[in-house]
Amino acid sequence: MAMQVALLDLGVGNMHSVERALAVAASRSGRSVSILRSASADAIVKADAIVAPGQGGFASGAQALAGGVAEALLEALRRGTPYFGICLGLQLLFETSAEAPGVSGLGWFSGTVEALDPRGVKIPHMGWNQIEWASPGHRLLRALGPQGAWAYFVHSYHAHTTDPVVCATATHGNNRVTAAVARDQVFATQFHPEKSQAGGLAMLTAFLEEPL
């Protein structure tokens with residue numbers, strides 16, 4: 001039976017490129033994988049794995065989770081469904097964001113999403129940066145490449161947390177950017193694997209080969 005992957009449509013940009021990259025990763029994984037692009041609570045509950053991408057605002061993403069979608073997603077995470085979040089899909093795991101005061105995220109991790117320090121650098125942070133991961137390195141980060149491998153970012157905000165969930169960082173001016181977070185079966189990146197060429201595609205393939 002095919003592994004059912006819910007590609008969570010948050011109603012913001014970059015869905016097509018993620019869907020295309022997942023299709024390539026599925027073909028390389030050696031597994032039978034069915035990818036369903038959806039924003040329905042029913043699809044999330046039934047999924048064997050969830051990929052949540054997004055390139056857009058926190059408020060818009062939170063709105064996309066209204067109408068029972070957030071509850072279904074949290075139910076799936078509590079049940080142990082593997083989750084791979086990308087960019088906004090990482091930020092929405094936290095409680096709040098300075099980008100949208102008064103708007104709540106999922107609260108899966110404690111902390112908030114704060115604006116990047118603009119001193120001496122361009123914001124949005126857009127381009128390639130080296131990824132430094134905590135030893136011994138999450139297996140999906142090792143799929144990206146060795147310590148210091150490059151990945152592609154497009155963002156103006158990043159997560160701040162006291163939870164021991166940050167598994168990778170990157171440097172952008174005065175910012176020590178939260179580049180990836182992980183706990184149990186939940187993994188998310190601030191950078192974009194689907195834009196990170198061979199290494200990013202290897203990450204997605206590794207996720208489909210062996211969900212977290």
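- When all heavy atoms of Leu10 and Gly61 are compared, the closest pair comes out as CD2-O, 4.2 Å.
- Between Thr205 and Ser29, the side chains place no donor N or O within less than 3.5 Å of an acceptor N or O (distance only, hydrogens not considered).
- Follow the hydrophobic side-chain contacts under 4.5 Å out from Val154 and you reach Trp150 in the same cluster.
- Aromatic pair Tyr152/Phe191: ring centres not closer than 6.0 Å.
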Validation: residues 179-187 side-chain donor-acceptor distances under 3.5 Å, sequence neighbours left out:
residue	atom	partner	partner atom	Å
Arg183	NH2	Trp108	O	2.9
Gln185	NE2	Leu77	O	2.7
Gln185	NE2	Thr81	O	3.3

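- Leu93 and Val103 fall within the same hydrophobic cluster, where Ile, Leu, Val, Met, Phe, Trp and Tyr residues are linked whenever their side-chain heavy atoms come under 4.5 Å apart, directly or through other members.
- Across all their heavy atoms, Leu140 and Met203 have their closest contact at O-CG, 3.2 Å.
- The two atoms that bring Ser196 and Ala151 nearest to each other are OG-CA, 3.6 Å, heavy atoms only.
- Between Phe153 and His125, the two ring planes are parallel [angle under 30°; tilted spans 30° to 60°].
- Remark: the backbone N or O of Gly111 is paired with a side-chain donor or acceptor of Glu95 at under 3.5 angstrom.
- Rounded to the nearest 0.5 Å, atoms CE (Met126) and OG (Ser156) are 8.0 Å apart.
- Checked by atom type and distance alone, the side chain of His192 never pairs as donor or acceptor with a backbone atom of Glu194 at under 3.5 Å.
- Here the closest heavy-atom approach between residue Pro53 and residue Val18 is recorded as CB-CG2, 3.7 Å.
- Note that OG1 of Thr189 is 8.5 Å distant from CD1 of Ile131, once rounded to the nearest 0.5 Å.
- In this structure, Pro193 and Ile86 have side chains that are in contact, with non-hydrogen atoms separated by less than 4.5 Å.
- Using modelled atom types, one finds no donor on one side chain facing an acceptor on the other under 3.5 Å when comparing His138 with Arg142.
- Without hydrogens or angle criteria, Asn175 side chain to Asp117 main chain gives a donor-acceptor distance under 3.5 Å.
- Taking the side chain as every heavy atom from C-beta outward, Val51 and Leu22 approach each other to under 4.5 Å.
- Summarising the geometry of Thr161 relative to Val166, their closest heavy-atom pair is CG2-CG2, 3.8 Å, with the distance given to 0.1 Å.
- With sequence neighbours left out, Phe58 forms a ring pair (Phe, Tyr, Trp, His ring centres under 6.0 Å) with no residue at all.
- Under the 3.5 Å distance criterion, the side-chain polar atoms of His158 are matched with a main-chain donor or acceptor of Thr178.
- Residues Leu36 and Ala43 share a closest heavy-atom pair of CD2-CB, 3.9 Å.
- Here OG1 of Thr96 is found 11.0 Å from NE2 of His160. Values are rounded to the nearest 0.5 Å.
- Through chains of ILVMFWY side-chain contacts below 4.5 Å, Val24 is grouped with Leu201.
- No donor-acceptor pair under 3.5 Å is formed between the side chain of Asp9 and the backbone N or O of Ala39.
- For the residue pair Gln91/Gln190, the side-chain donor-acceptor check at 3.5 Å is satisfied.
- In this structure, the side chains of Leu106 and Phe94 stay at 4.5 Å or more apart for every pair of heavy atoms.
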